Amino acid sequence: MTRITLVQGDITRQTADAIVNAANSSLLGGGGVDGAIHRRGGPAILEECRRLRAGLPHSRLRSSGGTPIGKGLPTGQAVATTAGDLDARWVIHTVGPVHSATEDRSELLASCYRESLRRADELGARTVAFPAVSTGIYGWPLDDGARIAVTTVRETDTAVEEVRFVLFDERAYQAFAAWLT
Ligand code: AR6
């Protein structure tokens, strides 16, 4: 049985086997959790992201000049790297969907949690810290993001013993707590 716990705070201050990053397809960093992880985790994470990126398949999409674009990790998937200077063994980078008012992308958000746990199982991670994927820059409403996070983890068959949601502020913490009662 996977235990689900909640903590309010900065995910880069956590001790866990794996810390999940709310990344983007480029895997080259950004703001929010992603920026914080690369800042505190140091350059080793970005170095490995670059190597991983080089091995990812090119999209068939081409720019007008014929150069492939859209290369990167598809939304809903997850890859693992070193955790650099963070107090963890791995960072699992997952790409959440940008929220859309016209298209239901819930399945992609659920996939982020499932795929991250699958990577965690492959690595043998027993404690995994997650942020509230997509609920920041990607605009997913917090309550719905919390619902998808909690129900997906509950429904996923995994050897991970503790899934810890690390919520940045009181509002996010309460949104998750509401789905755990
Ligand atoms: N610890 C825990 N939670 C945090 C932290 C932190 N240090 N910082 C922010 N949050 P976001 P997204 C919360 O924007 O919505 C990046 O540029 C935040 O309040 O980090 O998936 C990437 O490169 C929110 O609830 O991720 C992508 O381009 C949640 O973490 C894009 O942002 C997620 O916010 C991804 O956007």
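Numbering of ligands and ligand atoms starts at 1, following listing order. Starting from 1, each residue takes its place in the sequence as its number. As the structure is a prediction and not an experimental result, all values here were calculated from the model.
By the 6.0 Å contact criterion, CZ on R154 is enclosed, its count of non-hydrogen atoms from other residues, nucleotides or ligands being greater than 12.
With hydrogens and angles left out, the side-chain atoms of T102 and S100 include a donor and acceptor closer than 3.5 Å.
Some N or O of D34 is nearer than 3.5 Å to an N or O of ligand 1, by distance alone. Not one N or O of A22 is nearer than 3.5 Å to an N or O of ligand 1, by distance alone. In terms of polar-atom proximity, defined here as any N/O pair under 3.5 Å, V133 makes no such contact with ligand 1. Polar contact with ligand 1: absent for A36 (N/O pair, distance under 3.5 Å). Polar contact with ligand 1: absent for G139 (N/O pair, distance under 3.5 Å).
The protein non-hydrogen atom at the shortest distance from atom 32 (O) of ligand 1 is I137 CD1, 3.3 Å. Protein heavy atom nearest atom 20 (O) of ligand 1, with residue, atom name and distance: V33 N, 2.7 Å. From the protein, the heavy atom lying nearest to atom 17 (O) of ligand 1 is G31 N, 2.7 Å. Considering only non-hydrogen protein atoms, atom 18 (C) of ligand 1 sits nearest to G136 CA, 4.4 Å. The shortest contact between atom 1 (N) of ligand 1 and any protein heavy atom is with I11 N, 2.9 Å. Of all protein heavy atoms, the one lying nearest to atom 25 (O) of ligand 1 is T135 OG1, 2.7 Å. Ranking the protein heavy atoms by distance from atom 13 (C) of ligand 1 puts F168 CB, 4.0 Å first.
Of the candidates T81, T12, D34, T94, D34 is the only one forming a side-chain hydrogen bond (donor to acceptor under 3.5 Å, both in side chains) with N21.
Here the side chain of R114 pairs no donor or acceptor atom with the backbone of T152 at under 3.5 angstrom. Using modelled atom types, one side-chain atom of S111 and one backbone atom of G76 make a donor-acceptor pair closer than 3.5 Å. E162 places no side-chain N or O within donor-acceptor distance of the main-chain N or O of T127, the cut-off being under 3.5 Å.
Around atom 33 (C) of ligand 1, the closest heavy atom drawn from A132, G32, P131 belongs to A132.
Atom NE2 of H38 and atom SG of C49 lie 4.5 Å apart (nearest 0.5 Å).
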Open item on the list: Please evaluate residues D121 and R118 with respect to the criterion salt bridge (charged side-chain N to carboxylate O under 4.0 Å, His left out), reporting the C-alpha separation (whole Å), side-chain torsions for both, the decisive distance (0.1 Å), and the verdict.
Closed with: CA-CA 5 Å; D121 282 339; R118 201 159 66 84; over 6 Å; no

